[in-house]
Amino acid sequence: MAKQQESASQKDFIREIVSSDLHSGKHKTTVTRFPPEPNGYLHIGHAKSICLNFGIAQENASTGARCHLRFDDTNPAKEETEYVDAIKNDIRWLGYDWGEHLYFASDYFDQLYEWAVSLIKEGKAYVDDLSAEEIREYRGTLTEAGKESPSRDRDPELSLSLFTQMKDGDFGDGEKVLRARIDMGHANLNMRDPVLYRILHKEHHRTGSKWCIYPTYDYAHGQSDAIEGVTHSLCTLEFEHHRPLYEWLVENLPVPSRPRQIEFAKLRPSYFLMSKRRLVQMVEGGHVDGWDDPRMSTLSGLRRRGYPAAAIRSLCRTVGVTKYKSVTDVALLDHAVREELNKTAMRRMAVIDPVRVSITNWPEGGHVELMNAVNNPEDPDAGTREVALSGEVFIERSDFMDDPPKKYYRLSPGAEVRLRYSYCIRCEEVIRDKDDAIIEIKCTYDPETLGKNPEGRKVRGAIHWVSATDGFEADVRLYDRSFMVEDPVAEDDWREVINAHALIEVSGSKMEPSLQGANPGECFQFERNGYFCVDSKYSIPGKPVFNRTVPLRDSWGKKRSK
RNA sequence: AACCCCGUGGUGUAAUGGUAACACAACGGUUUUUGGUACCGUUAUUCAAGGUUCGAGUCCUUGCGGGGUUGCCA
């Protein structure tokens, strides 16, 4: 049911192709794949690809459709096992499962090598002696054809023995490469005899020292797809120019199936940094406290920040799949998060910046009354809880104003406001220290206002509070967007547009007692404030630290700031 | 100025030759013991010009604008 609701209501152009291939009988089922390179953490951009690939498999499950998780580990210089587990974890968290279909491009190194040999024998590939520098020069430019390498027409037998020597480690890094023999005059530079294999004397995280030659992405990717029976190989726009090569290889090799590559535009949320290189710089430069810092665009960061997986899936559904390079307004993400959390998060009262209120006419002798508070108005099954009210409470400093503007519904001298789920109180006196800062507000309460409106007057405001007798103190981390400009990559130096206030650390916030036992990862709505999540790094049992995921919409604050 | 891709409200997506729709944002309002939620209203003749057609966002042509491509990265 839920899954069905989550599937796209209209079909995007890729799903359109998938179903027409099913209807035409071109394919009996659909096989997709998500092919991360294990050289970094997954970010929200990857979520789109994950939702697309796994989503299509899910939607076509009745035909036996599946989505493979395949690690694209063709470059031992950059890849590490550490990332493999983190990536798996993130995909599972997002709600997807590859079943038994876990693969590595490196699983196919033997097959890939054999096919390379067959290409050489057919004169469709050759070992080139040119250096990297020379290859670049020979390639030509966007407007001029390239030049053929002197090695291009050498005897296939010679290429073959050279290739064997490459594999056997007879050459140093970069001394020789295997190139496809296509067309040095092709308008598409990728077709000007692209490199298929390079020499890299590096340990591979899975194959160890078995190989010292490694296939390039172009050579490995499509063939891996074909081996696995992938029907639709979905990738981002920057691979568009590689498609002719992808097709050339699949056509010129005895591969067991013919996958089709289709490109779509990446997800680019505004105010986010997505580039892997910059993400590394943020971590290594100490701008954040790790890959899972809640200011990061990584899935682990978003998770720690409190963004529900369902919200990210919802965002991916909303932005759709096209070839148009769009920028997604972060407001769409915020909305998806609020929509999800509004349905699911328990309401609690927490006072971030507390100021003391004493109720002067409250019964003497430590009198306490239990108030009934709704856990989630959107979910009757969530029930209610009791919160204790005493004669001393804390309210939000911003819920009091000496000299309020018109239509201010909160507390001010002589004004009346409701303590949420409780009585109405009236401000009688404000106590200040010598610097004029408020240290206490003296109020009276109206015992006739519990569960009903006062007679003859209207009290419009209701503010949240925590009783001084049983509330506890906690640290709160207020997160905001990490950058001050929509597109931080467009800046000369992204460091200059870091939002210095992306994290405000607050200590001494007052929390209602039921929050004390909250577990890492648990999400709450702090009423009238925002959605908060128990931090998984800094919390210790009995002493939770709260991350603000996103504030509640605030039409009053918005009106005032104008 | 080689080749490829893309142009629909502020943003993102839909309309598959037949009344330009939905979501978000913004603004205004209703309800409300969360200034939350919910609900209602306002905001575009589809980059331009020609053409085909009874009819074009959709098909054709030419422009214009944006993006990509000269790794032994993926």
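By convention in this document, chain letters (A, B, ...) are assigned in the order of the sequence lines, proteins followed by strands, and residues within each chain are numbered from 1.
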Practice task
Assign A:Y421 to base, sugar-phosphate, or nothing according to its heavy-atom contacts below 4.0 angstrom with the strands shown.
Solution key: base

Practice task
Output yes when at least one side-chain N/O atom of A:R179 is less than 4.0 Å from OP1 or OP2 of B:C72, else no.
Solution key: no

Practice task
Examine B:C72: is either OP1 or OP2 under 4.0 Å from a nitrogen or oxygen in the side chain of A:T216? Give yes or no.
Solution key: no

Practice task
Could you tell me whether A:E16 contacts a base, only the sugar-phosphate backbone, or nothing, with contacts defined as non-hydrogen atoms closer than 4.0 Å?
Solution key: base

Exercise for the section: With heavy atoms under 4.0 Å as the rule, sort A:V319 into base, sugar-phosphate or nothing. Expected result: sugar-phosphate

Exercise for the section: Remember a base hit wins even if backbone is also touched, and classify A:I199 as base, sugar-phosphate or nothing at under 4.0 Å, heavy atoms. Expected result: nothing

Handout entry: NZ/A:K124: more than 12 non-hydrogen atoms of other groups inside 6.0 Å
Key = yes

Practice task
Indicate, with a heavy-atom threshold strictly under 4.0 Å, whether A:V327 touches base, sugar-phosphate, or nothing.
Solution key: sugar-phosphate

Exercise for the section: Give a yes/no verdict on base stacking between B:G35 and A:W556: centres under 5.5 Å, planes within less than 30° of parallel. Expected result: yes

Exercise for the section: Consider only side-chain N and O atoms of A:S49 and A:N53, and report whether a donor and an acceptor are under 3.5 Å apart. Expected result: yes

Handout entry: Nucleotide opposite B:G65 in a Watson-Crick or G-U pair, distances under 3.5 Å
Key = B:C6

Handout entry: Any strand: nucleotide that pairs with B:G36 via Watson-Crick or wobble, under 3.5 Å
Key = none

Practice task
Could you tell me whether the side chain of A:R528 has a donor or acceptor atom within less than 3.5 Å of a complementary atom in the base of B:G35?
Solution key: no

Exercise for the section: Report which part of the nucleic acid A:Q525 touches: base, sugar-phosphate, or nothing (heavy-atom distance under 4.0 Å, all strands). Expected result: base

Practice task
Mind calculating the distance between CG (A:N190) and C1' (B:A2) to the nearest angstrom?
Solution key: 14 Å

Handout entry: Syn/anti state of B:G29 by chi, 90° boundary around 0
Key = anti

Practice task
Using a 4.0 Å heavy-atom cut-off across all strands, classify A:R347 as base, sugar-phosphate, or nothing.
Solution key: base

Exercise for the section: Applying ring pair (Phe, Tyr, Trp, His ring centres under 6.0 Å) between A:Y113 and each of A:Y219, A:Y214, A:W211, report the one that passes. Expected result: A:W211

Problem - A:H241 side chain to A:N190 side chain, donor-acceptor N/O pair below 3.5 angstrom - result: no

Practice task
Give one of base, sugar-phosphate or nothing for A:R338, where a contact means two heavy atoms less than 4.0 Å apart.
Solution key: nothing

Handout entry: Check: A:E512/A:S514 side-chain N/O donor and acceptor closer than 3.5 Å
Key = yes

Handout entry: A:R243 side-chain N/O to B:U69 phosphate OP1/OP2 under 4.0 Å
Key = no

Problem - Flag side-chain contact, heavy atom, 4.5 Å: A:P36 against A:F34 - result: yes

Handout entry: Any donor-acceptor N/O pair under 3.5 Å between B:A2 base and A:H186 side chain
Key = no

Exercise for the section: Examine B:G71: is either OP1 or OP2 under 4.0 Å from a nitrogen or oxygen in the side chain of A:R139? Give yes or no. Expected result: yes

Handout entry: Side-chain donor-acceptor contact under 3.5 Å, A:R418 with A:T449
Key = no

Exercise for the section: Respond yes when some side-chain nitrogen or oxygen of A:T449 is under 4.0 Å from OP1 or OP2 of B:U33, and no when none is. Expected result: no

Handout entry: Opposite nucleotide pairing with B:C22, Watson-Crick or G-U, both atom distances under 3.5 Å
Key = B:G12

Problem - Polar pair under 3.5 Å, donor/acceptor by atom type, side chain A:R418, base B:U33 - result: yes

Exercise for the section: Determine, answering yes or no, if A:Y409 is stacked on B:G35 under the 5.5 Å centre rule and the 30° plane rule. Expected result: yes

Exercise for the section: Take atom CG of A:D399 and atom C1' of B:U33, then tell me their distance rounded to the nearest Å. Expected result: 14 Å

Exercise for the section: Ignoring hydrogens and angles, answer whether the base of B:U69 and the side-chain atoms of A:E238 contain a donor-acceptor pair closer than 3.5 Å. Expected result: no

Exercise for the section: Mark yes or no for a side-chain to base donor-acceptor pair under 3.5 Å between A:E378 and B:G36, with no hydrogen or angle criteria applied. Expected result: yes

Exercise for the section: Using whole Å, report how far CD of A:E527 lies from C1' of B:U32. Expected result: 13 Å

Practice task
Remember a base hit wins even if backbone is also touched, and classify A:L142 as base, sugar-phosphate or nothing at under 4.0 Å, heavy atoms.
Solution key: base

Handout entry: Cation-pi geometry met for A:R481 and A:Y271 (6.0 Å, 45°)
Key = yes

Practice task
Would you kindly give the CZ-to-P distance between A:R268 and B:G12, to the nearest whole Å?
Solution key: 9 Å

Practice task
Examine B:U37: is either OP1 or OP2 under 4.0 Å from a nitrogen or oxygen in the side chain of A:K343? Give yes or no.
Solution key: no

Problem - Donor-acceptor side-chain pairing of A:E238 and A:T236 below 3.5 angstrom - result: yes

Practice task
Would you indicate what A:G451 reaches in the nucleic acid, counting non-hydrogen atoms under 4.0 angstrom: base, sugar-phosphate, or nothing?
Solution key: base

Practice task
Answer with base, sugar-phosphate or nothing: what part of the nucleic acid does A:S422 contact at a heavy-atom distance below 4.0 Å?
Solution key: base

Practice task
Would you mind classifying the nucleic acid contact of A:F239 as base, sugar-phosphate or nothing, using non-hydrogen atoms under 4.0 angstrom?
Solution key: base

Handout entry: Side-chain donor/acceptor of A:R553 to base of B:U37, under 3.5 Å
Key = no

Practice task
Ignoring the backbone of A:Y408, work out which of B:C72, B:G35, B:U33 is nearest its side chain.
Solution key: B:G35

Practice task
Look at A:S326 and B:U13 and indicate whether a side-chain polar atom (N or O) is within less than 4.0 Å of OP1 or OP2.
Solution key: yes

Practice task
State whether A:H335 places a side-chain N or O below 4.0 Å from either non-bridging phosphate oxygen (OP1 or OP2) of B:C24.
Solution key: yes

Practice task
Using atom CD of A:E339 as one end and atom P of B:G36 as the other, report the distance to the nearest whole Å.
Solution key: 16 Å

Practice task
Could you tell me whether A:L130 contacts a base, only the sugar-phosphate backbone, or nothing, with contacts defined as non-hydrogen atoms closer than 4.0 Å?
Solution key: base

Handout entry: A:D72 side-chain proximity, nearest of B:G7, B:U33, B:A74
Key = B:A74

Exercise for the section: Mind calculating the distance between CZ (A:R15) and P (B:U13) to the nearest angstrom? Expected result: 14 Å

Exercise for the section: Give the nucleotide from the list B:U13, B:C73, B:C72 with an atom nearest to the side chain of A:T322. Expected result: B:U13

Handout entry: Electrostatic pair A:R206-A:D73, nearest N-O below 4.0 angstrom
Key = no

Fill in the blank from the handout: Walking RNA chain B from its 5' end, the first of A:T143 and A:A132 to be reached, judged by nearest nucleotide, is A:T143

Problem - Residue whose closest nucleotide on RNA chain B lies nearer the 5' end, A:K323 versus A:P377 - result: A:K323

Handout entry: Separation of atom CD1 in A:I395 from atom C1' in B:U34, rounded to whole Å
Key = 15 Å

Practice task
Would you please confirm or rule out a distance under 4.0 Å between OP1 or OP2 of B:A74 and any side-chain N or O of A:T74?
Solution key: yes

Problem - Rounded interatomic separation in angstrom, taking CD from A:E240 and P from B:G67 - result: 15 Å

